[in-house]
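What you are looking at is a predicted structure, and each value in this text was computed from that prediction instead of being measured.
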Amino acid sequence: MERKRLLLSSGIIIILCLLGIILVAFINPASPIARQAASVINPAPNVIPSLREWRGATGEFELPSNNAHIVINSPDATRLQETAKAFQEDLRAVNKHTLPIITATSANAGDFFLTLHSNDIAIGNQGYQLSIGDSVTISAITSQGAFYGTRSILQILVQDDAHSHLPRGWVRDYPSYALRGFMLDVGRKFVPLNQLKDYVKLLAWYKLNDFHLHLNDNQFEVGTGKDWKEKYSAFRLKSEHFEGLEAQDGAYSKQDMRQLQDLARAYSVTITPEIDAPAHALAFTKYRPDLASTKYDKDFLDLNNPKTYTFMDSIWDEFLPWFDAPELHIGVDEYAVSDADNYRRYINHYISYLKQHGKKARIWGSLSEMKSSVAVNTDATLEVWNNSWSNPIEMKKMGFRIINANDKMLYIVPQSTYYQDHLNTQMLYEKWEPYIFDLNNPQLNFKPDDPQLEGAIFAEWNDQLSAGVTEAGLHERIKPAAQVLSEKMWGSTANRLAYEQFKPLTDIIDDAPGTNLPNSWRLVNPPSLQVPPHTIEATQLASIDIATRDKEANLPALSRNQASTYNVL
């Protein structure tokens, strides 16, 4: 009997002790006792785009106030130096700590370790693995994959009050689409070089990797009247061989483009330049009036004149060496339908020209309207911007590599009534995917894993010229579009938030570290789409790496904590 009373007393004491521990944890949840008592599996951290795979552990990594390093695996020192440097600079912008960059074959507690010794080929060239424990290890196959791992780390740190804690766990992350881009019309509105640099960082912050610069254009309705030379046009590259060709209200030098591309390389972004012709070419026809069309609007080059090819060849001869991109954009949108034969010959000429110089061509899709018996070389990437000008299924059957640039859903045209002034980001988030070209006609859409679909871009067109939008107005439109389309173009769904949860997250993650983008604005509800298209109707005119696709079926069983499950449409 005495023994029973002793056991009962001991039990009561133990229970009281446990209650005391719980009470201490409740009163001070930050105490060590509370952290130990709350040893729950960490849920997936929220980043944009969301992580494809997360295996949570318990506890957290804490960046020490000193003696921490960014460690590059010694065999990878050359290939990861730029990535480590960008990470160092952006980490300093986030938490005011400057971590030394060193090389070694392993990391100590509190270090970040970057290595290209990943044997997981299924993550592809842009994927990465992230292991967060006593130290943080980013493993990838390429520097681009390692760079994306740093973006996820920085976004998690931004959300921590002390900017120094990461939840312990394991990440496996890779995109569904190889190309995730943004096109900016600097032809109709000059954007200063520093802002272009900040947009490189903004795109990289959200794991977008293609920055398409539309480098020449002009106002609408040039016509054939005597005043056509007075209409606005701009070519934004400073020529050393064609004096006076560049726009007087702003142009980029060779050194400007070198600086932009060097930054873009460090941030895993490709600068894709576009020189648009034979339409939208008023800057060229004003410079060489003898090359202007004798039948159509004066912003059309005369494709019956052999000197047109001589001149455009010399333009490309000068500017092609400026750019590092493996693929350059030759424009070729919205030429006269009645001159389709010459139009197709122009495309073939410049696909061949670029190929001879070790490059590939990207073009705006117009072949569905520009019907002709002249066969077009399909060794090009085609941006399908309008389903009438370029039927996506027809273009797929022809054999083109495809980028979805659908105008109705992905075009921003500030102050216009015929396209969206702001993208409908909620609609895009909840209903659109990169393989969808028409929400109402599934017959025009691709399958999600179509190997010809490289990805998608959204575009900002300055049809109203510089009067249409300020630099702050540009950013007001571009940032929310980049945030939403980042989520959709990366393509992961396992940890995707509902839109109502996602929207506040965009305000927290915000602009990229180290940028100075104009941010004195407030979002407004996007207006409804009114009357397409971007210019006049056609009838009024006379390489994806499948290894980066979803590999869920081949994954080991993971204990994931999913924020939500998202189903398209």
Discussion item. Determine whether Leu116 and Leu80 satisfy the following criterion, side-chain contact (heavy atoms from CB on, under 4.5 Å), listing intermediate values before the conclusion.
Written reply: CA-CA 8 Å; Leu116 298 181; Leu80 285 176; 3.8 Å; yes
Tell me yes or no: between the side chains of [X] and [Y], is some donor less than 3.5 Å from an acceptor?
X: Thr425; Y: Lys503; answer: no
X: Asp198; Y: His475; answer: no
X: Asp185; Y: Asn462; answer: no
X: Thr381; Y: Arg401; answer: yes
X: Thr272; Y: Asp210; answer: yes
X: Asn46; Y: Gln159; answer: no
X: Tyr435; Y: Asn445; answer: no

Given side chains that start at C-beta, do those of [X] and [Y] come closer than 4.5 Å, heavy atoms only?
X: Ile457; Y: His212; answer: yes
X: Glu433; Y: Lys488; answer: yes
X: Leu157; Y: Leu91; answer: yes
X: Arg151; Y: Val47; answer: no
X: Asn404; Y: Trp432; answer: yes
X: Gln81; Y: Ile101; answer: yes
X: Leu99; Y: Asp111; answer: no
X: Phe437; Y: Leu453; answer: yes

Please answer whether the main-chain N or O of [Y] pairs with a side-chain N or O of [X] as donor and acceptor at a distance below 3.5 Å.
X: Asn42; Y: Gly59; answer: yes
X: Gln261; Y: Asp324; answer: yes
X: Gln501; Y: Ala498; answer: yes
X: Asp173; Y: Gly149; answer: no
X: Asp160; Y: Ser164; answer: yes
X: Trp385; Y: Gly365; answer: yes
X: Arg92; Y: Thr98; answer: no
X: Asn495; Y: Leu51; answer: yes
X: Ser492; Y: Ser50; answer: yes
X: Gln129; Y: Trp170; answer: no

Do you know the tightest heavy-atom contact between [X] and [Y]?
X: Glu460; Y: Pro414; value: OE2-CG, 3.1 Å
X: Phe458; Y: Ala481; value: CE1-CB, 3.7 Å
X: Ala482; Y: Tyr206; value: O-CB, 4.4 Å
X: Gly468; Y: Gln415; value: O-CG, 2.8 Å
X: Leu428; Y: Leu485; value: CD1-CD2, 4.2 Å
X: Gln420; Y: Met409; value: NE2-O, 3.5 Å

Discussion item. My understanding is that only residues two or more places apart in sequence, or in another chain, count here; which of them pass ring pair (Phe, Tyr, Trp, His ring centres under 6.0 Å) with Trp490?
Written reply: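 For Trp490, the residues satisfying ring pair (Phe, Tyr, Trp, His ring centres under 6.0 Å) (neighbours in sequence not counted) are Tyr148.
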Discussion item. Taking ring pair (Phe, Tyr, Trp, His ring centres under 6.0 Å) as the definition, give me every residue that meets it alongside Phe147, ordered by chain and number, with sequence neighbours left out.
Written reply: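 If we apply the ring pair (Phe, Tyr, Trp, His ring centres under 6.0 Å) test to Phe147, skipping adjacent residues, the hits are Tyr267.
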Worksheet item: Could you go step by step and tell me if Val136 and Leu130 meet the side-chain contact (heavy atoms from CB on, under 4.5 Å) rule?
Response: CA-CA 7 Å; Val136 178; Leu130 179 59; 3.6 Å; yes
Worksheet item: Looking at Ser176, Pro175, Pro434, Pro49, which one forms a side-chain contact (heavy atoms from CB on, under 4.5 Å) with Met489?
Response: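 Exactly one candidate clears the test, Pro434.
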Any ion pair linking [Y] and [X] (charged N to carboxylate O, less than 4.0 Å)?
X: Lys189; Y: Glu471; result: yes
X: Lys408; Y: Asp438; result: no
X: Arg477; Y: Asp421; result: yes

[atom1]/[X] to [atom2]/[Y] distance, rounded to the nearest 0.5 angstrom?
X: Asn516; Y: Lys197; atom1: CG; atom2: NZ; answer: 13.0 Å
X: Tyr429; Y: Phe502; atom1: OH; atom2: CZ; answer: 5.0 Å
X: Phe182; Y: Leu213; atom1: CZ; atom2: CG; answer: 9.0 Å
X: Leu203; Y: Thr270; atom1: CG; atom2: OG1; answer: 11.0 Å
X: Ile138; Y: Leu114; atom1: CD1; atom2: CG; answer: 5.0 Å
X: Ile141; Y: Thr115; atom1: CD1; atom2: OG1; answer: 11.5 Å

Practice prompt. Tell me, with the steps shown, if Gln464 and Ser416 meet side-chain hydrogen bond (donor to acceptor under 3.5 Å, both in side chains).
Written response: CA-CA 8 Å; Gln464 308 304 315; Ser416 72; 5.8 Å; no
Worksheet item: Which residue pairs pass the salt bridge (charged side-chain N to carboxylate O under 4.0 Å, His left out) test with at least one member in residues 262-274, sequence neighbours excluded?
Response: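 For residues 262-274, and leaving out neighbouring residues, the salt bridge (charged side-chain N to carboxylate O under 4.0 Å, His left out) pairs sorted by first residue read Glu82-Arg265, Arg258-Asp262, Asp262-Arg265.
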Worksheet item: Do the rings of Tyr411 and Tyr419 sit parallel, tilted or perpendicular, given the 30° and 60° boundaries?
Response: perpendicular
Discussion item. For Tyr199 and Phe211, take the angle between the two ring planes, folded into 0 to 90°, and tell me which bin it lands in: parallel under 30, tilted 30 to 60, perpendicular over 60.
Written reply: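 Aromatic pair Tyr199/Phe211 classed perpendicular.
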Discussion item. Working note: Trp205 + Thr515, criterion side-chain contact (heavy atoms from CB on, under 4.5 Å); need CA distance, chi angles, decisive distance, verdict.
Written reply: CA-CA 11 Å; Trp205 186 231; Thr515 57; over 6 Å; no
Item to complete: Show your working on side-chain contact (heavy atoms from CB on, under 4.5 Å) between Leu196 and Leu184 and close with a plain yes or no.
Response: CA-CA 9 Å; Leu196 294 184; Leu184 180 59; 3.8 Å; yes
Worksheet item: On the ring face of Phe190, is Arg236 found with NZ or CZ under 6.0 Å from the centre and within 45° of the axis?
Response: no
